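Note on naming: letters A, B, ... go to the chains in the order of the sequence lines (proteins, then strands), and numbering restarts at 1 for each one. Note that the structure is a prediction, hence the values are computed from the model and not measured.
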Number of protein chains: 2
Amino acid sequence: MKDKVKARSVPFSQTRSRHASETAEDYVEAVMELIEEKGECRVLDLARYFNVSHVTVSRIVKRLHDEKLLISSPYKPVRLTDAGAKLAKRAKERHAIVLDFLIALGVDKANAEIDSEGIEHYVGSKTLTAMKRFLKSQK
Amino acid sequence: MKDKVKARSVPFSQTRSRHASETAEDYVEAVMELIEEKGECRVLDLARYFNVSHVTVSRIVKRLHDEKLLISSPYKPVRLTDAGAKLAKRAKERHAIVLDFLIALGVDKANAEIDSEGIEHYVGSKTLTAMKRFLKSQK
DNA sequence: CATCATCCGTAGCCATTGCTACATTTGTTT
DNA sequence: AAACAAATGTAGCAATGGCTACGGATGATG
Ligand SMILES: [Mn+2]
Ligand SMILES: [Mn+2]
Ligand SMILES: [Mn+2]
Ligand SMILES: [Mn+2]
C-alpha cells in the first residue's frame with residue numbers, strides 16, 4: 001500500500017531549479033535593455049531598475065561576473081559577455097512572448113507587465129510553443 | 001533628459017513580494033492534499049512531497065506555525081489552522097485553474113504540471129480571470 | 001587644482017532555504 | 001521490558017538576496 005500519494009517531487013525540483021536562474025535572467029536582460037536605451041549600464045541604473053539598493057546589485061553583479069555572464073571592473077559600467085548576451089536575448093524573447101500572450105488573452109497592459117515579470121521564468125519550452133501558437137492563431 | 005528609461009520597478013517589486021508568499025502557499029496546499037489523500041500529514045510526507053530534507057521542512061513548518069497557518073507540536077502530524085485552510089483552498093483553486101488552462105492551451109499534462117507549479121504564484125487576479133474566461137470559451 | 005556630489009565598494013547585519021551530522025523521541029518487534 | 005527502526009528535532013554550515021552605515025573613487029564645477 002505504498003505510493004498512495006502521487007509523486008509530485010518532479011515539478012517542485014524543476015521549479016526550484018528555475019528559481020535559481022531567475023536573477024541571472026532578469027539581470028542580463030536588464031543590462032541589455034539599459035545599454036540599448038541609454039548607452040551604458042551602471043550599478044545604480046540596475047538598482048533603480050529593480051528597486052533595490054546598489055549594494056544588492058553590486059554583489060549580484062560580482063557573482064554574475066564570476067559566472068561569466070557579465071563583464072565588470074570597479075567603477076566601470078557593466079557589460080555583457082557573449083554568453084550573457086545570448087542568455088539575455090533568449091530571456092527577452094521569452095519575456096516578450098509571455099507579455100504579448102497575456103495581452104492577447106485579454107489582460108490589461110499594466111497587469112500583463114507585472115505578471116509576465118514573474119511568469120516568464122517558469123514557462124518551459126512546451127508552454128512557450130503553445131503561447132506562440134495561440135498568438136499566431138489570434139493574428 | 002531624465003527618465004529616459006521606463007520605470008520597471010513596479011513589476012519587480014510585485015514579483016519579489018509574490019516570491020515571498022510562494023513557500024507558504026505550496027506548504028498549506030501540500031498539507032491539505034496530504035491530509036485528504038492519506039489522512040494525516042507528517043514532516044517526512046512533506047519532505048518526500050517537495051523532495052527536500054526533513055530538516056528544511058521542519059524549519060519551514062515552524063515558521064508557518066508562528067505565522068498561524070499551520071498547527072504543529074513536536075512529533076505530531078501537521079494540521080492547518082482556519083487561516084491556513086483558507087489560504088490552501090485559494091491556492092489549490094488557483095493552481096487547478098492554471099493547470100487546466102495550460103492543458104487547454106495544448107500543453108501536455110506532464111509539462112503543464114511542472115510549469116503550473118511555478119507559474120501559479122505569479123498569476124494576478126486579472127490574469128486568473130482571463131484564464132477562466134478562456135477555459136469557459138473552450139468548453 | 002581643489003572641492004563637492006555622485007557613484008560604488010566593503011563591512012556587517014538579517015531572513016530564507018538548502019544541506020549533513022548527530023541527538024532524541026516514538027512506536028514496533030522481539 | 002529491551003532493543004531496534006523510524007520519525008523528528010537540533011546544531012551548525014553554505015548560498016542567496018534584502019538592508020544600513022561608512023569610506024574611497026571618479027568626474028564635474030568652480
Ligand atoms: Mn524579464
Ligand atoms: Mn523576470
Ligand atoms: Mn501549488
Ligand atoms: Mn507552486
Side-chain angles (χ1 to χ4, degrees), chain A residues 1-2 5 9 11-28 30-31 34 38-67 69-79 117-118 121, chain B residues 1-3 5 9 11-28 30-31 34-35 38-67 69-79 117-118 121:
Chain A
M1 265 299 198
K2 278 182 190 174
V5 176
S9 58
F12 287 108
S13 300
Q14 189 66 47
T15 298
R16 273 197 302 279
S17 149
R18 287 169 174 176
H19 217 31
S21 326
E22 194 169 338
T23 304
E25 290 168 357
D26 281 340
Y27 269 69
V28 294
V31 171
L34 285 162
K38 53 170 289 188
E40 67 173 17
C41 171
R42 315 289 321 202
V43 167
L44 272 189
D45 294 325
L46 289 167
R48 279 186 284 259
Y49 188 95
F50 290 119
N51 196 28
V52 296
S53 76
H54 79 277
V55 182
T56 297
V57 170
S58 191
R59 190 165 6 80
I60 292 173
V61 164
K62 193 178 297 169
R63 199 188 74 232
L64 298 179
H65 174 87
D66 293 345
E67 291 175 9
L69 292 172
L70 297 181
I71 302 168
S72 74
S73 43
Y75 301 98
K76 290 277 184 62
V78 178
R79 284 172 305 145
E117 193 55 71
H121 309 283
Chain B
M1 265 296 197
K2 278 182 191 176
D3 289 301
V5 176
S9 58
F12 286 108
S13 299
Q14 188 66 48
T15 298
R16 273 197 302 279
S17 149
R18 287 169 173 176
H19 223 42
S21 326
E22 194 168 337
T23 303
E25 290 168 357
D26 281 340
Y27 270 68
V28 294
V31 171
L34 286 162
I35 290 177
K38 54 170 286 188
E40 67 174 16
C41 172
R42 315 289 318 203
V43 167
L44 272 188
D45 295 325
L46 289 166
R48 280 187 284 260
Y49 189 96
F50 291 119
N51 196 29
V52 296
S53 75
H54 78 279
V55 183
T56 297
V57 170
S58 188
R59 190 165 4 79
I60 291 172
V61 164
K62 194 178 299 171
R63 200 190 71 233
L64 298 179
H65 173 87
D66 292 345
E67 292 175 10
L69 292 172
L70 297 181
I71 302 167
S72 75
S73 43
Y75 300 97
K76 290 277 184 63
V78 178
R79 285 172 303 145
E117 193 56 70
H121 309 283

Using side-chain heavy atoms (C-beta onward) and a distance below 4.5 Å, is Asp45(A) in contact with Tyr49(A)? no
Solution key, residues 71-78 of chain B side-chain donor-acceptor pairs under 3.5 Å, sequence neighbours excluded:
none

Rounded to whole Å, the CZ-P distance (Arg16(A) to dA15(D)) equals 18 Å
Please produce a list of atom pairs where a protein N or O lies less than 3.5 Å from an N or O of nucleotides 23-27 of chain D.
from	atom 1	to	atom 2	distance (Å)
dA25(D)	O4'	Tyr75(A)	OH	3.2

In whole Å, I'd like the distance from the NZ atom of Lys62(A) to the C1' atom of dG18(D). 16 Å
What are the bounds, 5' to 3', of the part of DNA chain C that sits under 4.0 Å from heavy atoms of chain B? dT16(C) to dT26(C)
Would you mind reading off the distance between Tyr27(A) atom OH and dT16(D) atom C1', rounded to a whole angstrom? 11 Å
From Glu25(A) atom CD to Thr23(A) atom OG1, the distance as rounded to the nearest 0.5 Å: 9.0 Å
Send over the distance from His19(B) NE2 to dG18(D) P, rounded to a whole Å. 8 Å
What is the distance from atom OG1 of Thr56(B) to atom CG of Leu46(B), rounded to the nearest 0.5 Å? 11.5 Å
Near-strand residues of residues 52-60 of chain B, defined as heavy-atom separation under 4.0 angstrom from DNA chain D: His54(B), Val55(B), Ser58(B)
Scanning both residues in full, the closest heavy-atom pair of Val52(A) with Tyr27(A) reads CG2-OH, 4.4 Å
Heavy atoms only: give me the nearest Thr15(A)-Gly118(B) pair and the separation to one decimal. OG1-N, 3.7 Å
Does any non-hydrogen side-chain atom of Arg42(A) lie less than 4.5 Å from one of Leu34(A)? no
Can you give me the closest heavy-atom contact between Glu117(B) and Pro11(A), atom names plus distance? CB-CB, 3.9 Å
To the nearest 0.5 Å, atom OG of Ser53(A) lies from atom CZ of Arg59(A) at 8.0 Å
Tell me whether the side-chain N/O atoms of Arg42(B) come closer than 4.0 Å to OP1 or OP2 in dT8(D). yes
Looking at residues at least two apart in the chain, or sitting in another chain, which of them share a salt bridge (charged side-chain N to carboxylate O under 4.0 Å, His left out) with Arg16(A)? none
Give Lys76(B) one of three labels, base, sugar-phosphate or nothing, depending on what nucleic acid heavy atoms sit under 4.0 Å from its own. nothing
Under the rule for ring-ring contact (aromatic ring centres under 6.0 Å, His included), what residues qualify as partners of His19(A), not counting sequence neighbours? His19(B)
